[in-house]
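Only heavy atoms go into these numbers, but all of them, side chains included; no hydrogens, no water, no symmetry mates. As the structure is a prediction and not an experimental result, all values here were calculated from the model. Residue numbering restarts at 1 for every chain, and letters A, B, ... go by the order of the sequence lines.
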Amino acid sequence: MSRVVMDIDNLHARIGGKEILKGLNLQLEEGKVHAIMGPNGAGKSTLSKAITGHYDIEVLDGEIRYKGQNIVDWEPEDRALEGIFLSFQNPVEVPGVNNAYFLRTAVNAKRKHQGLPELNAAEFLREMKKLVQELGMKPEMISRSLNEGFSGGEKKRNEILQMMMLQPDVIILDEIDSGLDIDALRAVSEGINKMKDGKRSFLVITHYSRILDYIEPDYIHVLKDGKIIKTAGPELVAELEEKGYGAIEEA
Amino acid sequence: MAQEELDKAVSGEYALGFEIDIEEDKVPPGLNEEVIRFISKKKEEPEWMTELRLKAYHKWLEMEEPHWGHLEYEPIDYQSISYYAAPKKGPESLDEVDPKILEAYNKLGIPLEEQKQLAGVKVAVDAVVDSVSVKTTYQEELKQHGIIFCSISEAIRDYPELVKKYMFSVVPMNDNYFAALNSAVFTDGTFVYIPKGVRCPMELSTYFRINALNTGQFERTLIVADEGSYVSYNEGCSAPMRDENQLHAAVVELIAMKDAEIKYSTIQNWYPGDEEGKGGIYNFVTKRGLCEGENSKISWTQVETGSAITWKYPSCVLKGDNSVGEFYSVAVTTLAQQADTGTKMIHLGKNTSSTIISKGISAMKGQNTYRGLVKIGANAEGARNYSECDSLLIGDQCGAHTFPYLESKDAHGQVEHEATTTKISDEQLFYLRQRGITEEDAVSMIVHGFCKEVFSQLPMEYAVEAKALLNLTLEGSVG
Ligand SMILES: Nc1ncnc2c1ncn2[C@@H]1O[C@H](COP(=O)(O)OP(=O)(O)OP(=O)(O)O)[C@@H](O)[C@H]1O
Ligand SMILES: [Mg+2]
């Protein structure tokens, strides 16, 4: 087993007054791709919010240890600056905020945190344009308002673009594959694969095997009723597709 | 996110609340004919001006204070206000300007020395403290282009024909209660005349500062752009923190002749008062532009962040055929501020067009009202208007109200109105913070995004100032 970069231990968390995560245990290993599958409403997005520090989440018990520290009380931006990235299931629209301006602010916040000099506008744009092209995005996306009026697929590609610019250490992808056409799925998967460097860890939340064929997960976890009830290798996907979640029993 | 954090984030302290310790020449509170004669005499005005003031005063006596605005405030006691205050040293040149005033303007970031330029760009400044203009820069250079840029008091003495012709021509002295009061007691302000075919080579700017206690400020601005000319004019305002509310009632008249264009930008940052609204400026302003000639254009851009009460409707009378009127506004109300602001676009000429973009931001107990009138006259064939009024709410104790009125005598007029009300959502804030952006920066990014269409209308240096000012209002953020 590789080194554990994030250790979620007996996590109990409430959202909207209701306990959704009920003693969840999960260990993310360095350089590995972890896939999470599970029925609608099981708590997958809630888990991603708990890891990133969303306001709606109230942690009742348990710990999230990241790089050796319990981060459950950290501000969202501090978690982000330390390398945790979430690609949202539904990226929000922010009218009037220029996409490039936003992303440069984020990139430079991170660089500052790392003690690196800020990128000037030209340096930044060169990099951003290159990735926009790689991801098959329209060049106009650079100067449009953040996610405003983007199609579902465009929003998802924009998430991947941000991921690639920010170079995080732990990447949570919440249904990055939902609503993507075939070409977009390939472009997004290639983007993700490019980010694999043997150190970075991925937590891929999905309902479909298709994306998993591209990005080849090391582990499949089944999240049901607020807990990880099963962890296995990639062979579990076929079994789930065949039998559904009902057949999986808590180990 | 917790409400108190958001409140903190939007209630940055008023940074311009310092008082200048200068000797003031001030009349005792109260208003009567004698006071008006005194003001007129102080200004060394000709007899005709004194008579006009008295006429306005008598009209004002017969008028009633309007109360249709969506505003609540204690009755104003007009007899408790002092109508004239002036720094005692009247300067002839910059060397004679009281160093304390120079220092105060430097503190505000407005250099009165000509060699010191704002953000590297030449800007001619008329600096008004309380009732008098203390310094106008770059006058000589402007004169070479035939441009007149001086205080209104100077204009009354030196250019009586122009003043007689245009003053009260757009805003009649009895236009409304506050305009009548201003016409009687106005103490200073700025006069601009751009001759035919001249493009004013620099930004013109007036900075108004209320300093003396218990005084009102009643400035009067008159800008005439002759045929084919262009001018961009900016005004800024601030005042020290006080316990008592002070009255500010200005009148601005703009006249654009054939093919002329006037761009008028305001960054209003009068002291807003405390959380109860105590001590802020009452800002009752009449601003109106007349597009007199064909193809003329008047554009108002305002960023209103200060004052306890704002009552202000910069308007355009589109008389010339094909003339264009624009209104771009950002109004911020936090603390207990109340703003009732908007515009009137009066379409008289053929193919006239107007654009209204209004952005209201309310936070804490702030109340923000947009009030707009689009009027299309019987002869205004082909008139077009586009209006967009957006409100941004921060928290749930504040309010936004929209009152658009349309009067159309021309069935062919084309009028579009859009209105939205949004809240800064937790999802937006969280999204930005998840990317490593601090909460404070995230709030300001969302607010700037909301105001973008208006900021893009401001001259560059002022857009920077407006953004900084908005950030200041947002300062004290979480952390
Ligand atoms: N803000 C909230 N207030 C109340 N309940 C919430 C809130 N957010 C989520 N929930 C509830 O928590 C449960 C888990 O939601 P979550 O979004 O984590 O599910 P999911 O596993 O991601 O499902 P899906 O596969 O449909 O995306 C659901 O029953 C949902 O209705
Ligand atoms: Mg989900």
Side-chain angles (χ1 to χ4, degrees), chain A residues 45 48-49 51-57 74-99 101-114 143-148 155 158-159 161-163 165-168 170-172 174, chain B residues 1-6 9 328 330 357-361 388-393 395 418-457 463-464 466-467 470-471 477-479:
Chain A
S45 294
S48 71
K49 288 178 180 173
I51 296 172
T52 50
H54 193 282
Y55 319 121
D56 289 347
I57 303 284
W74 287 23
E75 296 295 334
E77 54 268 39
D78 295 331
R79 304 184 199 207
L81 292 170
E82 276 301 324
I84 300 175
F85 178 90
L86 169 62
S87 162
F88 288 79
Q89 184 171 352
N90 302 303
V92 68
E93 304 194 358
V94 192
V97 174
N98 175 288
N99 200 18
Y101 174 74
F102 149 72
L103 190 48
R104 184 155 83 95
T105 306
V107 166
N108 280 335
K110 171 125 192 214
R111 290 180 66 92
K112 196 170 160 207
H113 182 74
Q114 293 172 322
S143 51
R144 270 175 61 177
S145 289
L146 177 54
N147 294 330
E148 194 186 24
K155 282 182 184 164
N158 201 41
E159 295 289 287
L161 171 70
Q162 293 171 40
M163 171 192 80
M165 290 294 300
L166 287 166
Q167 299 278 311
V170 167
I171 295 166
I172 308 165
D174 192 355
Chain B
M1 176 169 78
Q3 187 54 43
E4 66 210 74
E5 289 181 344
L6 262 178
Y328 298 95
V330 167
I357 308 281
S358 161
K359 305 278 180 179
I361 301 168
E388 185 187 315
C389 307
D390 301 320
S391 308
L392 185 69
L393 302 178
E418 287 178 24
T420 63
T421 300
T422 45
K423 285 189 99 163
I424 287 197
S425 74
D426 279 355
E427 294 310 321
Q428 287 173 329
L429 275 178
F430 182 68
Y431 187 91
L432 300 180
R433 294 180 73 187
Q434 209 301 302
R435 299 306 186 240
I437 297 168
T438 63
E439 180 163 43
E440 189 174 324
D441 289 349
V443 171
S444 106
M445 198 179 264
I446 294 168
V447 171
H448 288 182
F450 177 75
C451 301
K452 190 176 173 180
E453 288 157 281
V454 176
F455 285 168
S456 66
Q457 294 298 323
V464 173
K467 280 186 190 174
L470 213 62
N471 279 353
S477 182
V478 273

Could you tell me which portion of Phe450(B) (side chain, backbone, both or neither) has an atom closer than 4.5 angstrom to a non-hydrogen atom of chain A?
backbone
Rounded distance (nearest 0.5 Å) linking atom NZ of Lys110(A) with atom CG of Leu166(A)
6.5 Å
Heavy-atom proximity to chain B below 4.5 Å, by part of Leu146(A):
side chain
Phe430(B): what forms a ring pair (Phe, Tyr, Trp, His ring centres under 6.0 Å) with it, not counting sequence neighbours?
His54(A), Tyr55(A), Phe88(A)
I need the residue from Glu453(B), Glu427(B), Lys452(B) with the largest number of non-hydrogen atom pairs under 4.5 Å to chain A.
Glu427(B)
Residues that Glu93(A) engages under salt bridge (Lys or Arg N to Asp or Glu O under 4.0 Å), provided they are two or more places apart
Lys155(A)
Within the distance-only criterion (no hydrogens, no angle test), does the side chain of Ser391(B) pair as donor or acceptor with the backbone N or O of Thr421(B) below 3.5 angstrom?
no
Considering only heavy atoms and a distance below 4.5 Å, find which of Lys49(A), Arg79(A), Gln162(A) pairs most often with chain B.
Gln162(A)
Select one option (side chain, backbone, both, neither) describing which atoms of Asn108(A) are under 4.5 Å from chain B's heavy atoms.
neither
Regarding Gln434(B) and Thr52(A), do their side chains bring together a donor and an acceptor under 3.5 Å, going by distance alone?
no
Please determine if Arg435(B) and Glu77(A) form a salt bridge, counting it only when a charged side-chain N lies under 4.0 Å from a carboxylate O.
no
Using heavy-atom distances under 4.5 Å, tell me whether Pro168(A) contacts chain B through its side chain, its backbone, both, or neither.
neither
For Asn147(A), is it the side chain, the backbone, both or neither that has a heavy atom under 4.5 Å from a heavy atom of chain B?
side chain
